[in-house]
Protein chains: 2
Amino acid sequence: MVSIVSVAKAAGVSNKTVSRVINGEPYVTEETRERVEKAIRDLGYVPNMAARLIRSNRSNTFGIITDYVSTTPYSVDIVRGIQDWANANGKTILIANTGGSSEREVEIWKMFQSHRIDGVLYVTMYRRIVDPETGDVSIPTVMINCRQQTRELLPSIEPDDYQGARDLTRYLLERGHRRIGYIRLNPILLGAELRLDAFRRTTSEFGLTESDLSISLGMDGPVGAENNYVFAAATEMLKQDDRPTAIMSGNDEMAIQIYIAAMALGLRIPQDVSIVGFDDFRTVTMALKPELTTAALPYYDLGRDGAKWLNDLIGGEKIYPGSRVISCKLVERSSAAFGPRQASRSSTA
Amino acid sequence: MVSIVSVAKAAGVSNKTVSRVINGEPYVTEETRERVEKAIRDLGYVPNMAARLIRSNRSNTFGIITDYVSTTPYSVDIVRGIQDWANANGKTILIANTGGSSEREVEIWKMFQSHRIDGVLYVTMYRRIVDPETGDVSIPTVMINCRQQTRELLPSIEPDDYQGARDLTRYLLERGHRRIGYIRLNPILLGAELRLDAFRRTTSEFGLTESDLSISLGMDGPVGAENNYVFAAATEMLKQDDRPTAIMSGNDEMAIQIYIAAMALGLRIPQDVSIVGFDDFRTVTMALKPELTTAALPYYDLGRDGAKWLNDLIGGEKIYPGSRVISCKLVERSSAAFGPRQASRSSTA
DNA sequence: TTGTATGCGTTATCAT
DNA sequence: ATGATAACGCATACAA
């Protein structure tokens, strides 16, 4: 491999001068600079990061550690957000996944340490509570889409499920719906409770009572092998005489089954039932006809902001508190319409 | 940071002996080995990869370079396959994505080279033809889910779309279907032609003629912003008097719209129409009711085998030819039933 | 403006 | 079986 010395020889200068050119330091004549640059090109020289790191003790590398439950493919946008930020800021990304094994997780932390990683982004594919098994290594870390039980040891950045569900509920309410169904997400997901809670509170603020609501469990059981009650629950819900005029789905995927249930009963969407989802999993939201109104999980932003935050942390900034939340944007498409009685309140927030 | 020398001092041996222990080399007494290991634990020593690389010139690192069109979230399983293999074999993974920019791609190759990466896995999220913009760097490379136009310069490993579509077609044929519809994938995807081709040939082998087939374009246009004709095409197809008794969908996502179209026309699945997909994108295949029979794209295997192959390549093996293909497994669920006239041939392959 | 010497943490070589 | 020492490619301090 061609090193800095060979370049120096070829250009007829010392290695230090080559170093200066590479790092854009001052005090190099334009002429020598050009000679060195030519030598670099001619020899195809590329600096050796490892050698650089060994001196400067700064790897300019972030590690990503994920659990990769293969069933949530869409949250890879988190990783994309991280990578884009890294790319724009000259950082390198090392990636590893635990596959759920905590032994492997310990190994990964060790591996990261042996690469002298500057910081770690700990990301989960589902929003959940976790306690990183760092072994005894300590590296600046930001948690993305998750947080610790023992609160705020590590900074975390998460989507605002509550706000997203609240906006969605208001959206329905403002369109005059007064009987609303809700099909619940798997309770083991952190978002489940938050979303349901937002639904309950918001409907109640608008004066709806428990009897105006129709709430069913859509799924439960372990992630990746859950029991699926969505179709049955939706069918049940929509068969009632005083059926809801709108249904909120725990997420977009579950909305597929609600669509099918509604259609099987001869109901039109959105004329007879309005349906809204959650996540903005575009593969689903765009495939459904009519396209699904939903709240977008800010995955990309989570990744990008997380990387930025980690960088600040590494830089020694301590300004931030322990936990941050990013809002979910309501994406209006055409699966929800005005309810049977026209809006009794103002129509837009 | 604690180095090999401090460990050596603590254990009262030379640095070389510590090195021997770390690397599991022979010629160390059990006793000294234990003493060294204790020192390592006590001091929390972790080897510095950068320093190791600088001597041995082996980074034990693979780079993954992807285009990350955010619309195909499921092919991340390729990356998972790579990572799992890497994890099991002590390799580290560096990851970067081009975002479609070829300038960035050149930078990435440079970056990889400066990290003295052992090999590169070039993966695309859609199966397609690409020519890697390596600049002038040359590192052992395996292409995954794609291949070059200028054929076989680089080894490649791809899913067998043809075989998958052939199996699916046979499956329908063997169940007695003699009028079959096909809704085509976006023609710019490499799989599109292959799948359609398999469909055409296989039906023809079974004696069907062009008039028994009903073929429509489902989508076209650029990836991520395509025109979507699926719903309309399916509706059109199923409204005919001599409508097909089975429809093959270009992929699973498109099947959602076919389901909805069928149900809107009051058709039951699979009693009135059988439907099969392609990809086994589980978010969709499991959400659809009845669950979708499909052919599984072997993403995980693609990644794992690709990594293994790359490793062989790096090890100097030249045994393999330029291109490999991995078969797509038919996943039988409940969206396809026997056609109107019972099977005229044997019922299982 | 440029060069020399030294050190980083590891492995390799050659002794012992 | 173990150790002393060089060497890897680069940056840093300091000298010229």
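Each chain gets a letter, A, B and so on, in the order the sequences are listed, and its residues count up from 1.
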Please confirm whether the shortest side-chain N or O distance from B/Ser19 to OP1 or OP2 of C/dT11 is below 4.0 Å.
yes

Answer yes or no: side-chain N or O of B/Arg52 and base N or O of C/dT10 forming a donor-acceptor pair under 3.5 Å.
no

Measure distances between side-chain N and O atoms of B/Arg55 and base N and O atoms of C/dA12, and say whether any donor-acceptor pair falls under 3.5 Å.
no

Counting just side-chain N and O atoms, does B/Asn23 come under 4.0 Å of either OP1 or OP2 of C/dT11?
yes

Of all the nucleotides listed (C/dT10, D/dT2, C/dT4), which has the minimum atom distance to the side chain of B/Thr17?
D/dT2

Which nucleotide in the set C/dT4, C/dT13, C/dT2 lies at the smallest distance from any side-chain heavy atom of B/Lys16?
C/dT13

Looking at C/dT10, D/dG9, C/dT2, which one has an atom nearest to any side-chain atom of B/Ser3?
C/dT10

For the residue pair B/Val223 and B/Tyr126, establish whether any side-chain heavy-atom pair is separated by less than 4.5 Å.
yes

Counting heavy atoms from C-beta on, name the nucleotide in C/dG9, C/dT11, C/dT1 closest to the side chain of A/Tyr27.
C/dT1

Taking only the side-chain nitrogens and oxygens of B/Thr29, find out if one of them lies under 4.0 Å from OP1 or OP2 of D/dA1.
no

Side-chain contact, heavy-atom cut-off 4.5 Å: B/Asn97 with A/Asp84?
yes

Please tell me if A/Thr32 has a side-chain N or O lying less than 4.0 Å from either OP1 or OP2 of C/dT2.
yes

Classify the side chain of A/Arg116 and the base of C/dG9 as holding, or not holding, a donor-acceptor pair under 3.5 Å.
no

Within-4.5 Å side-chain heavy-atom neighbours: A/Val120 and A/Pro140:
no

